[in-house]
Amino acid sequence: MPDAAMPDAAMIDWAMLDVAVLLSIGRHPVSGRARRAATDAQALEMALALRPRRLTAIHAGPVADGEALRAYLGMGLERLTLLVLPEGGDPVEPLVAHLRRLAPSLILTGRQAEDGEGSGMLPYLIARGLDAAVVPDVVRIGPADAPDTKPGSANLVQALPRGQRRALIVTGPFVATIHPSAPPARPSAFGPARRGVIEPVAAQAAADLFLSDCEHRPWRPKPKLMRVKRGGSALDRLKAATESKSGKGQLLVNPTAEAGALAIYDSLVEQGILP
Amino acid sequence: MSQPPTTRRRVDPRAERAARTVLAGSRPRLLRQPAANAVVNERRRDPRAVHEAALVQRQPRPRYDWTRDTASAGTPSAAGVFVAAVPAIPLQVIAEPAYLVLAMLDRPGGEVSEHDRQVIAAARLLADGGSDGGGSGNGGGAVVTVSTGSGEALAEAGSDRHVALPDGWADDYVPERRAAATLALMTALSPRHVLFPDSADGGDVARRVAATAGERLFAGVQGLGPDRATRQSAGGSRETGHRPTTLMTVAADAFAPLDGVRHEARPLDLATPLVAGEEILPRLGGARRLAVDPDALSLSETDFILSAGNGVTDWRSFAELGEALGATRAGSRVVCDAGHLPRDRQVGASGTVVGARCYLAFGIAGAPQHLQGITGVRHVIAVNTDLHAEMIKRADLSIVADAQAVMPALIRLIRERRHA
């Protein structure tokens with residue numbers, strides 16, 4: 001068994017890629033049934049597309065609802081490691097200990113659990129435990145191809161709000177969380193899902209005291225936040241609350257095509273849409 | 001009663017008839033012309049004159065004073081524009097705060113976003129309602145905003161103190177440095193709570209800070225009081241409540257931004273300058289924005305939409321214009337029904353409700369279902385041949401012209417300006 005350290009000198013060997021995928025059990029938003037978690041399945045899809053030399057899929061949790069994990073096996077996995085934790089145990093410590101033994105160069109996971117606490121902290125805590133970098137909202141991973149970068153670094157594409165994308169270069173092993181706009185996960189096939197092997201591994205986990213300190217109740221939808229305009233007369237406020245915004249804007253009646261185009265262009269420049 | 005000259009003379013047909021009647025002769029005769037001096041019936045009351053005399057103010061709505069007598073009534077101010085004195089918002093000063101609440105803002109592109117204001121509002125809830133605070137006066141907590149840029153814009157959002165991050169961080173992607181700076185601030189100021197927006201960047205920094213500090217993060221706070229914070233868990237099906245923890249992220253649209261308040265937003269003088277973030281070696285680097293194909297974006301997430309309605313027949317120009325502007329193409333229901341655009345490009349109640357920053361509509365009349373789809377759009381430009389179309393009323397810039405003429409002219413103009 002290798003020493004408890006990440007691979008040599010912060011390098012990713014793309015020819016001998018070693019990937020770990022952390023999978024959780026999802027929850028259907030309407031029916032509440034256990035299923036494969038959407039972004040975790042996308043993380044597995046991305047790991048499979050990288051064609052790594054070794055791919056390890058790990059789930060940490062109670063053994064009770066392990067059947068939902070078979071949907072991941074149906075995507076083309078042969079085996080899946082199940083770290084068996086007691087009910088209410090904190091999965092971070094056992095996962096960090098297990099990953100330290102495996103020492104993968106790349107850890108992929110979804111960005112937030114669909115069930116349980118769902119704080120999105122797990123990738124960060126694992127990166128902290130393994131002393132790796134963490135990159136959120138990844139949609140593409142590949143080897144860095146620019147000539148001036150270090151050989152072991154990776155080129156990532158991150159999803160930003162409003163559909164924008166950002167390219168990043170990461171050196172050394174890293175933990176990446178997958179954004180929902182990453183390539184969609186392949187469907188799960190029934191036969192491979194039955195044939196795949198779930199390997200239970202017993203693990204010790206401390207109870208999560210914070211969660212047991214919280215009180216839980218069913219979620220009741222809150223009233224939508226309305227942007228109420230304050231000030232002015234009662235009539236103004238009523239209008240602002242009830243009427244949709246009607247333009248007090250500029251009106252050009254039958255301009256020449258050039259004049260109309262110029263007005264549109266100036267307006268777009270003013271809004272900062274065009275340079 | 002004396003009649004004011006502004007009102008029309010009241011007609012008293014009986015008196016006039018009596019004045020024109022000549023009783024000399026066997027039977028009464030009527031004169032064709034009215035009598036020279038028309039008789040005024042003293043017993044008739046002129047309600048318009050009475051109202052006019054009692055009128056004190058005409059705008060914004062009429063006000064009458066029935067007690068004053070008509071003789072002494074001065075004419076009401078002719079224009080009648082009543083200007084209400086705008087009450088000055090009192091400045092709230094928290095000189096000696098009992099504790100601090102940090103609000104780490106995103107400020108994307110340098111401007112204070114709506115989410116940033118909501119975070120400050122949530123921080124104010126914690127600062128004003130603290131157990132050892134006396135309300136909003138001295139002794140309560142103070143909100144310290146931390147962001148790039150100056151704090152002047154944050155005074156009316158409710159910030160008491162401001163810490164400016166280095167200006168270079170506004171455009172760069174430096175989450176590790178932001179996290180290190182937050183940790184340095186936490187050790188320097190020892191705030192009671194640190195709040196982040198639960199946005200892509202803010203949430204990322206918050207989780208980095210929580211992992212490094214070993215603190216528990218209460219993510220996506222939906223409700224907040226001095227002794228209880230709630231959030232959604234289990235995929236949104238459960239509410240989890242706890243005492244407010246040190247580190248929290250605030251969900252979008254959970255708190256109303258403050259209005260009508262004015263705080264100091266005074267720069268906070270730190271004993272040690274904020275350089276902790278500069279020392280660490282970042283592992284993430286070479287960040288650059290990628291060009292994205294606007295037509296590959298979904299309508300709900302794009303920022304600039306070029307939309308076509310039934311008035312567009314020149315689809316080649318429409319496509320060229322979309323390319324020239326770098327806008328996402330969309331259409332009304334009619335256009336998608338006719339097969340000119342795919343169904344996922346339909347804007348409206350039965351298509352996508354869009355929240356773009358700018359919406360450029362060609363040949364759209366503005367059916368209610370379509371206007372419903374663009375309620376969230378900030379700036380609408382409409383080109384339509386019908387002056388009375390609903391879309392023209394909604395738009396911020398309306399051009400009554402044929403789309404087929406304006407589109408090629410706009411393409412030519414953009415190409416000219418780009419080459420110039």
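Just so it is clear: chains get the letters A, B, ... in the order the sequence lines come, proteins before strands, and each one is counted from 1.
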- So, the part of A:Arg128 with a heavy atom under 4.5 Å from chain B: the answer is side chain

- Query: chain A heavy atoms under 4.5 Å from B:Arg243: which part of the residue, side chain, backbone, both or neither?
  - Reply: side chain

- Message: Nearest 0.5 angstrom please: B:Asp253 CG to A:Lys222 NZ, how far?
- Response: 10.5 Å

- Query: Does the side chain of A:Arg27 reach to within under 4.5 Å of the side chain of B:Ser237, using non-hydrogen atoms?
  - Reply: yes

- Item | Heavy-atom pair with the smallest gap, counting every atom of B:Leu413 and A:Ala261 | CD2-O, 3.6 Å

- Query: Side chain, backbone, both or neither: which part of B:Ala219 has a non-hydrogen atom closer than 4.5 Å to chain A?
  - Reply: side chain

- Message: Just so I understand: if I count every heavy-atom pair under 4.5 Å between each of B:Arg412, B:Glu390, B:Arg61, B:Arg231 and chain A, which residue has the most?
- Response: B:Arg231

- Query: How far does CZ of B:Phe218 sit from CD of A:Glu117, to the nearest 0.5 angstrom?
  - Reply: 8.0 Å

- Message: Over 60° means perpendicular and under 30° means parallel, so tell me whether A:Phe210 and B:His242 are parallel, tilted or perpendicular.
- Response: tilted

- Item | B:Thr245, part contacting chain A, at a heavy-atom distance under 4.5 Å | side chain

- Item | Beyond-backbone contact of B:Gln222 with A:Trp219, side-chain heavy atoms, under 4.5 angstrom | yes

- Taking the side chain as every heavy atom from C-beta outward, state whether B:His379 and A:Ser267 have any pair of such atoms under 4.5 Å apart. yes

- Message: What part of A:Leu160 gets within 4.5 angstrom of chain B, counting heavy atoms only: side chain, backbone, both, or neither?
- Response: side chain

- Where is the tightest heavy-atom contact between B:Ser233 and A:Gly116, given as atom of each residue plus distance? CB-O, 3.6 Å

- Given that the side chain runs from C-beta out, which part of B:Asp198 has a heavy atom under 4.5 Å from chain A: side chain, backbone, both or neither? neither

- Message: I need the A:Leu252 CG to B:Ile392 CD1 distance, nearest 0.5 Å.
- Response: 9.5 Å

- A:Asp137 versus chain B, the contacting section by heavy-atom distance below 4.5 Å: side chain

- Can you tell which part of B:Val383 gets under 4.5 Å to a heavy atom of chain A, answering side chain, backbone, both or neither? side chain

- Measure distances from B:Leu371 to the heavy atoms of chain A and classify the residue's part below 4.5 Å as side chain, backbone, both or neither. neither

- Message: Could you report the tightest heavy-atom contact between A:Val134 and B:Arg208, atom names first, then the distance?
- Response: O-NH2, 2.8 Å

- For A:Arg140, check salt bridge (Lys or Arg N to Asp or Glu O under 4.0 Å) against everything at least two apart and list the hits. none

- Message: For the OG1 atom of B:Thr230 and the CD atom of A:Glu215, what is their distance to the nearest 0.5 Å?
- Response: 9.5 Å

- Message: What I'd like to find out is whether the side chain of A:Leu268 reaches to under 4.5 Å of the side chain of B:Leu325, using heavy atoms alone.
- Response: yes

- Contact class of A:Gln271 relative to chain B, heavy atoms under 4.5 angstrom: both

- Task: Quick one: closest heavy-atom pair of B:Cys358 and A:Ile273, and the distance?
- Result: CB-CD1, 3.7 Å

- Can you name the closest pair of heavy atoms from A:Asp115 and B:Ala234 and give their distance? OD1-CB, 3.5 Å

- Message: If we define contacts as heavy-atom pairs under 4.5 Å, which of B:Ala405, B:Gly241, B:Ala287, B:Ala291 has the most with chain A?
- Response: B:Gly241

- Would you indicate whether the side-chain heavy atoms of B:Asp303 and A:Gln164 approach each other to under 4.5 Å? no

- Ranked by heavy-atom pairs below 4.5 Å to chain A, first place among B:Thr302, B:Thr249, B:Leu397, B:Val406 goes to B:Leu397

- Most heavy-atom pairs under 4.5 Å with chain B, out of A:Leu274, A:Leu168, A:Thr177, belong to A:Leu168

- Between A:Asp208 and B:Arg216, is any pair of side-chain heavy atoms under 4.5 Å apart? yes

- Item | When A:His28, A:Arg111, A:Gln158 are compared by non-hydrogen pairs under 4.5 Å with chain B, the top option | A:Gln158

- Rounded to the nearest 0.5 angstrom, the CG-CG distance for A:Leu251 and B:Asp396 is 12.0 Å

- Contacting region of B:Arg418 [heavy-atom separation from chain A under 4.5 Å]: neither

- Item | Atom group of A:Ile264 that falls short of 4.5 Å from chain B, counting heavy atoms | both

- Message: Please classify the contact between A:Pro161 and chain B as side chain, backbone, both or neither, with a heavy-atom cut-off of under 4.5 Å.
- Response: side chain

- Note on the structure: Heavy-atom closest pair (A:Gly120 atom, B:Arg207 atom, distance to 0.1 Å) is O-CD, 3.2 Å

- Nearest 0.5 Å please: distance from the CZ atom of B:Arg288 over to the CZ atom of A:Arg166. 12.5 Å

- Query: Where on B:Ile399 is there a heavy atom nearer than 4.5 Å to chain A: the side chain, the backbone, both, or neither?
  - Reply: both

- Item | Closest-packed option against chain B by number of heavy-atom pairs under 4.5 Å, given A:Ala259, A:Gly26, A:Ser119, A:Gly118 | A:Ser119

- Item | Minimum side-chain heavy-atom gap A:Tyr124-B:Asp204 below 4.5 Å | yes

- Message: Counting heavy-atom pairs under 4.5 Å with chain B, which one of A:Ala257, A:Cys214, A:Ala127, A:Ala167 comes out on top?
- Response: A:Ala167

